[in-house]
Amino acid sequence: MKVYKSIIVQLFYNLSAGIGLLTMPNTLIPLFGFKPTDEPWIYAMGLFVITLCFTYYQIIRVGNERAVMGTVYGRWFFTSVVTVSAICGLVPLTVIPAMLCEAGFACWTLWEVRQVLQEAPAAETVRQV
């Protein structure tokens, strides 16, 4: 079973972001160009981000390449939508560096999956012999 370091980093990244959104949202969200808020949606977002950590934790435990690739596709979709939203003026442009970072983490995960898949045929051959 492969331990995906990029997924471990993603788990801690999401966990810290979620805790930040729950405990100090008005310190965190201005960093991305949003105005401070007292609205409940920001706390719901923090809770949702923390909830994603359960999925990442299970992926770390199981190490299934298909599940790992699901995170890659999901993160690319998320970063694409947010980046297009920023370009269209729907959200501040200051979110783009965070999206580049997130896309970079997804590319790292893709690289790790490809490494595993390249090693898989050799491992299968050994088991069959």
Between [X] and [Y], is any pair of side-chain heavy atoms under 4.5 Å apart?
X: T55; Y: Q58; result: no
X: T109; Y: I7; result: yes
X: Y43; Y: P25; result: yes
X: N64; Y: V68; result: no
X: N26; Y: D38; result: yes
X: F105; Y: L110; result: no
X: L31; Y: L28; result: yes

Ignoring hydrogens, what is the shortest heavy-atom contact between [X] and [Y]? Give both atom names and the distance.
X: T94; Y: P97; result: O-CD, 3.3 Å
X: E102; Y: Y13; result: OE1-CE2, 3.0 Å
X: P36; Y: I29; result: CA-CD1, 4.2 Å
X: V95; Y: A86; result: CG2-CB, 3.9 Å
X: A103; Y: T79; result: N-CG2, 3.9 Å

Connected via hydrophobic side-chain network under 4.5 Å: [X] and [Y]:
X: V113; Y: I8; result: yes
X: V82; Y: W41; result: yes
X: L100; Y: V84; result: no
X: F12; Y: I19; result: yes
X: I59; Y: Y73; result: yes

Between [atom1] on residue [X] and [atom2] on residue [Y], distance to nearest 0.5 Å:
X: W76; Y: T83; atom1: CH2; atom2: OG1; result: 13.5 Å
X: L117; Y: M69; atom1: CG; atom2: CE; result: 8.5 Å
X: I60; Y: Q10; atom1: CD1; atom2: CD; result: 10.0 Å
X: C53; Y: F48; atom1: SG; atom2: CZ; result: 10.5 Å

Query raised in the report: Do E112 side-chain atoms and K5 backbone N/O form a donor-acceptor pair below 3.5 Å?
Result: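 Yes: the side chain of E112 pairs with the backbone of K5.
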Query raised in the report: Is a side-chain donor-acceptor pair under 3.5 Å present for T71 with R75?
Result: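 Side-chain D/A pair, R75 to T71: present.
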Requested in this report: Apply the side chain to side chain contact (heavy atoms under 4.5 Å, CB included) test between Y4 and each candidate in V9, L11, V116; give the one that qualifies.
Outcome: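 For Y4, the side chain to side chain contact (heavy atoms under 4.5 Å, CB included) test succeeds with only one of V9, L11, V116, which is V116.
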